[in-house]
Amino acid sequence: MYSLDNAYSKEEVLDWEKRVKKNLGDAQTTFTCELKYDGASINLYYKNKKFNKAVTRGDGIQGDNVTANVKTIRSIPLEVKEFPVQNFEIRGEIILPLDGFNQMNQGRLEAGEDPYSNPRNTASGSLKLQDSAEVARRPLDCLLYQIVGDNLPFKSHFEALAQAREGGFKVPETIKLCQDVNDIFEFISYWEERRHDLPYETDGVVIKVNNLNHQDELGFTSKSPRWALAFKFKTEQASTVLNEVTYQVGRTGAITPVANLKPVELAGTIVKRASLHNADQIEKLDVREGDTVFVEKGGEIIPKIVGVNLSLRLEDSRPLKYIETCPDCGTKLLRQDGDAKHYCPNEFGCPTQITGKIQHFISRKALNIDGLGSETIELFYKEGLIKNYADLYDLTIEQIIPLERMAEKSAQNIISGLEASKKIKFEKVLYALGIRFVGETVAIKIAKHFKSIDQIQKASFEDLIAVDEIGERIANSVIDFFTVESNRELVSRLKATGIQMVLDESDVTHESDKLSGLVFVVSGVFQVFSRNELKKSIETNGGKVSSSISKKTSYIIAGDNMGPSKKTKAESLGVPIITEQDYIEMLGQDE
Ligand code: AMP
Ligand code: ZN
């Protein structure tokens with residue numbers, strides 16, 4: 001796969017068009033204009049019209065095989081019907097649409113995790129994940145822009161893409177056929193203005209010679225095709241005055257500095273606030289109150305400050321002093337090794353943390369309590385009715401009715417909403433508890449592995465990190481949570497109300513109990529199963545998958561290229577190493 005020559009001005013586009021015409025002699029040619037989709041490039045291979053494999057661009061020559069992960073993207077057809085070619089390669093860009101990206105970040109913020117910085121990096125990072133089930137949960141999409149193959153029956157690029165669309169591939173309708181350079185300029189101007197109305201990010205326009213014979217004739221330079229050119233949009237920036245830095249406290253106590261700006265227009269919206277992330281970021285940029293700063297829109301909802309206009313710095317300006325105490329409760333802030341953020345340790349006394357935790361508990365992805373909203377939680381807290389989420393279940397209609405803006409009906413709704421929440425599944429309850437780093441996905445993993453709150457509470461650090469894809473940071477956080485007496489008390493109060501504290505096993509796809517009681521470690525590459533299929537097969541047959549070998553491991557299923565350290569460890573602990581075939585036989589046996 002190649003890269004593209006870039007143009008930053010209309011002159012450069014004109015120069016390129018002249019060169020193309022000169023190279024083609026007198027031949028008339030048309031062009032296509034497409035948006036330059038900002039994601040991770042991908043090559044999809046089809047054999048006998050069936051999806052066969054997906055490879056990333058890598059260094060241009062050697063990419064990574066990411067077939068299992070790409071298979072989870074629903075808009076990619078596993079089989080093409082209306083298509084005139086049997087075997088071909090189709091190139092495109094894996095993207096993360098903005099809506100989905102923002103939703104993922106919302107989830108991370110709710111779990112007390114740092115948000116991802118932009119959709120492009122998150123899309124390309126997603127392709128590298130080990131766990132395809134996790135990839136499947138990410139709202140990735142794939143936009144296609146080129147078909148490659150021998151003796152293709154298409155005359156033009158435009159026609160080829162139209163056929164690809166017929167065949168079921170997602171080819172954006174924004175592609176346009178252009179007769180001359182004026183059409184090209186029109187396309188560029190149009191999208192320069194409207195690029196932010198698109199559901200995904202674009203960083204420019206790709207102009208291509210339309211006729212495929214002409215493309216062949218023009219060929220390639222050492223690094224890029226002569227028949228294509230990428231026009232890059234300017235990154236949108238605005239400059240404005242930073243009035244004041246304020247600080248927000250999250251539900252886990254993490255502090256986020258926020259720049260309050262003199263309102264300025266940026267990419268069609270009025271910007272008043274920008275994120276400064278953490279103390280390091282402030283120090284790195286050396287931003288000060290009163291400075292004139294440059295703001296840019298990345299993929300995030302809130303824009304960011306990228307620099308300071310030093311020539312406009314006020315004479316009496318002073319470096320910003322980061323706060324040392326919580327803006328909400330006055331407690332001295334802490335910062336742990338390796339953590340970018342300061343946090344307020346007053347977990348149980350800091351009002352924003354207290355209400356934040358309850359608001360998280362009732363939120364849509366957690367216990368999803370009808371009739372209760374964030375403002376009502378603040379009201380209840382202010383009135384002294386609740387201090388934690390378990391208190392919610394002690395509320396009575398009589399307590400609620402006299403409150404501001406409440407009436408018999410709304411009070412009744414709240415009580416029945418709370419009653420209904422007792423049926424919410426255990427994995428959501430676990431997420432609702434608000435354990436740091438335990439987001440939705442992690443909660444599901446832990447719930448499925450341990451099956452009940454009692455087991456989770458009893459789990460040791462080793463038990464926790466043995467769960468597939470649970471790392472030390474999460475394990476420590478779970479242990480810390482249950483070490484706190486008041487947390488254990490909250491959990492037992494919730495349990496007493498009848499809230500689900502055990503996994504509903506009928507939910508989990510279940511094939512058999514043949515492997516019940518057995519713990520497997522999977523290592524290497526397999527013939528019949530992909531690694532993830534193998535793990536899934538173990539679980540649906542009642543077994544458990546662990547990521548590290550210990551005395552509790554029953555078997556190691558070894559494929560090709562099993563890690564040598566795993567091998568040594570298995571031998572020293574006397575854990576039997578079996579092959580994929582042995583495993584299949586084990587499953588085949590009748591009890
Ligand atoms: P660059 O990495 O800046 O050299 O740009 C080349 C990359 O742009 C290609 O590898 C593609 O992944 C990407 N790209 C995005 N949209 C398009 C498009 N419509 N046509 C061709 N390439 C595209
Ligand atoms: Zn505080």
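When a residue number appears, it is its place in the shown sequence, counting from 1. Order of listing sets the numbers, starting from 1, for every ligand and every atom in it.
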J.: Check each heavy atom of Lys223 against ligand 1 and say whether those closer than 4.0 Å belong to the side chain, the backbone, both or neither.
T.: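 No part of Lys223 is near ligand 1 at this cut-off.
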
J.: Under the 3.5 angstrom rule, does the side chain of Tyr247 hit a backbone N or O of Cys326 as a donor-acceptor pair?
T.: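 No; judged by distance alone, with no hydrogens or angles, the pair does not exist.
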
J.: Are any non-hydrogen side-chain atoms of Ile95 and Lys170 less than 4.5 angstrom apart?
T.: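 No - every pair of side-chain heavy atoms lies 4.5 Å or more apart.
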
J.: Mind checking whether Tyr145 contacts ligand 1 via backbone (N, CA, C, O), side chain (CB onward), both or neither, at a 4.0 Å heavy-atom cut-off?
T.: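 It is the side chain that touches ligand 1; the backbone stays farther off.
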
J.: Backbone N or O of Leu129 within a donor-acceptor pair of the Asn69 side chain at under 3.5 Å?
T.: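 Such a contact is found between Asn69 side chain and Leu129 backbone.
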
J.: One thing to verify: whether Glu134 and Arg138 come together as a salt bridge, which I'm taking to mean a side-chain N less than 4.0 angstrom from a carboxylate O.
T.: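 Yes.
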
J.: Please work out whether any backbone atom (N, CA, C, O) or any side-chain heavy atom from C-beta onward of Lys36 is under 4.0 Å from ligand 1, and answer side chain, backbone, both or neither.
T.: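 It is both parts that get close, each with some atom under 4.0 Å.
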
J.: For ligand 1, which part of Arg57 has a heavy atom less than 4.0 Å away: the side chain, the backbone, both, or neither?
T.: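 Just the side chain.
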
J.: Would you call the rings of His360 and Tyr431 parallel, tilted or perpendicular, where under 30° means parallel and over 60° means perpendicular?
T.: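 Rings of His360 and Tyr431: perpendicular, over 60°.
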
J.: Mind telling me whether Tyr389 and Phe361 have parallel, tilted or perpendicular rings, with 30° and 60° as the class edges?
T.: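 Judged by the thresholds at 30° and 60°, the geometry between Phe361 and Tyr389 is parallel.
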
J.: When you draw lines from the Zn ion (ligand 2) to SG of Cys344 and to SG of Cys326, what angle lies between them, to the nearest 10°?
T.: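 Answer comes to 110°, rounded to 10°.
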
J.: So which bit of Leu35 gets within less than 4.0 Å of ligand 1, heavy atoms only: side chain, backbone, both or neither?
T.: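 The answer is the backbone.
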
J.: Please identify which atoms of ligand 1 are closer than 4.0 Å to at least one heavy atom of Lys232.
T.: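 Listed by number with element, the hits are 3 (O).
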
J.: Parallel, tilted or perpendicular: which describes the rings of Tyr46 and Phe88, with under 30° parallel and over 60° perpendicular?
T.: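 It falls in the parallel class, under 30°.
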
J.: With only distance considered, is Asn6 within less than 3.5 Å of ligand 1 through an N or O on each side?
T.: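 No, since none of the N or O atoms of Asn6 sits under 3.5 Å from an N or O of ligand 1.
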
J.: Taking 4.0 Å as the limit for heavy-atom contacts, which would you say applies to Leu4 with ligand 1: side chain only, backbone only, both, or neither?
T.: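 For Leu4, the contact with ligand 1 is made by both the backbone and the side chain.
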
J.: Would Lys10 and Phe185 count as a cation-pi pair here, with the cationic atom under 6.0 angstrom from the ring centre and within 45° of the axis?
T.: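 Verdict for Phe185: a cation-pi partner in Lys10.
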
J.: Counting each atom of ligand 1 from 1 as listed, which ones have a heavy atom of Ser41 under 4.0 Å away?
T.: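 Answer for ligand 1: 10 (O), 12 (O).
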
J.: Check Lys208 against ligand 1 and report side chain, backbone, both or neither, counting heavy atoms closer than 4.0 Å.
T.: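 Answer for Lys208: side chain.
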
